[in-house]
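On a predicted model such as this, the values are computed, not experimentally measured, just so you know.
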Amino acid sequence: GKNTAVAFPILKNLAKSDFKKFRKQFKKSASFVYVVVSGHPDDKLIDALSDAPSWCRVILATGKNAKVPFSKNVEVVRAGEKEIDFKKLSSWFYKNKLNHVLVEGGPHLLGSFLKEGLIDELFTTIAPKIWGNENGRALTMIEGALFKPQDVKKFKLVSIKKAGDEVYLRYNRKS
């Protein structure tokens, strides 16, 4: 999402030679596609996306009516009218052979994909870092979607990895 892309310098990290070496080590393509989903793109977001290395394709997915500041480095994909249609966006990914998409964002973005049944795997990190929050502003893992008991999304733990003081959990969606 927009806030994640602006707050964290992901594209600067992608530009580092260590990242390219890491992808080569695991026999991944040298090119990389970075997609940001935002219903309300602004100048800060476009500035954050302008740091992309030349071998990285940058896509901004937004709604048809969203005003997008101009940038020659950012490809704009319109999915939906006023709101982003996540099923249309997923179809666009598939048509463009983007079959493995990592969704990194906050609870609203994750909730939007999960509500449409578009999450196959879930990666969760437990890190001993406590930021805190203001009264009444705590977010859950999913925001904007409340599932009925019979529609609760269920996942199966498939791996655990410890790295330093952090724990990485990987889950697959149960059928």
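In terms of modelled atom types and a separation under 3.5 Å, the side chain of Arg170 and the main chain of Val158 share no donor-acceptor contact. Looking only at distances, no side-chain donor or acceptor of Asn96 sits under 3.5 Å from a matching main-chain atom of Leu98.
Linking ILVMFWY side-chain heavy atoms closer than 4.5 Å, directly or via other members, places Val33 and Phe22 in two distinct hydrophobic clusters. No single ILVMFWY cluster, assembled from side-chain heavy atoms under 4.5 Å apart, contains both Ile126 and Phe123. Cluster membership check: Tyr94 does not share its hydrophobic cluster with Ile59, using side-chain heavy-atom separations under 4.5 Å among Ile, Leu, Val, Met, Phe, Trp and Tyr.
Rounding to the nearest 0.5 Å gives a distance of 6.5 Å between CD1 of Ile84 and OG of Ser38. Between Leu169 atom CG and Phe155 atom CZ the span is 13.0 Å, to the nearest 0.5 Å. The SG atom of Cys56 sits 8.5 Å away from the OH atom of Tyr34 when rounded to the nearest 0.5 Å. Rounding to the nearest 0.5 Å gives a distance of 10.5 Å between CG of Leu60 and NZ of Lys2. Atom CD of residue Glu81 and atom CG of residue Asn65 lie 6.0 Å apart, to the nearest 0.5 angstrom. Atom OG of Ser112 and atom NZ of Lys115 lie 5.5 Å apart (nearest 0.5 Å).
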Given the rule in the side-chain contact (heavy atoms from CB on, under 4.5 Å) test, do Val6 and Thr4 qualify, once you have shown the distances and angles that lead to the verdict?
CA-CA 5 Å; Val6 171; Thr4 302; over 6 Å; no

When you look at Leu118 and Phe86, which way does the side-chain contact (heavy atoms from CB on, under 4.5 Å) test go after all the steps?
CA-CA 8 Å; Leu118 299 172; Phe86 287 88; 3.9 Å; yes

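Residues Thr62 and Arg78 are in side-chain contact: their nearest non-hydrogen atoms beyond the backbone lie under 4.5 Å apart. Between Arg57 and Asn73 the shortest side-chain heavy-atom distance does not fall below 4.5 Å. Counting heavy atoms from C-beta outward, Val35 and Trp92 have side chains that stay 4.5 Å or more apart. Counting only heavy atoms from C-beta outward, the side chains of Asn172 and Asp120 never approach each other to under 4.5 Å. With a 4.5 Å cut-off on side-chain heavy atoms, Leu45 and Val36 count as touching. Within the 4.5 Å cutoff, side-chain heavy atoms of Phe113 are placed close to those of Leu89.
By the 4.0 Å N-to-carboxylate-O rule, Glu121 lies too far from Arg173 to be salt-bridged with it.
Counting heavy atoms of neighbouring residues, nucleotides and ligands inside a 6.0 Å radius, atom NZ of Lys87 does not exceed 12 of them. In the displayed structure, Phe19 atom CZ is contacted under 6.0 Å by more than 12 heavy atoms of other residues, nucleotides or ligands.
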Let me have the donor-acceptor pairs involving side chains of residues 160-168, under 3.5 Å, with sequence neighbours excluded, atom names and distances please.
from, atom 1, to, atom 2, distance (Å)
Lys162, NZ, Gly164, O, 2.8
Glu166, OE1, Tyr168, OH, 2.8
Glu166, OE2, Lys129, NZ, 2.9

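Minimum heavy-atom separation, Phe147 to Lys153: CE2-CE, 3.6 Å. Of all the heavy atoms in Pro41 and Ala66, the pair that sits closest is CD-CB, 4.0 Å. Gly80 and Lys88 make their closest contact through N-CD, 4.1 Å (heavy atoms, listed as atom of the first residue, atom of the second, distance).
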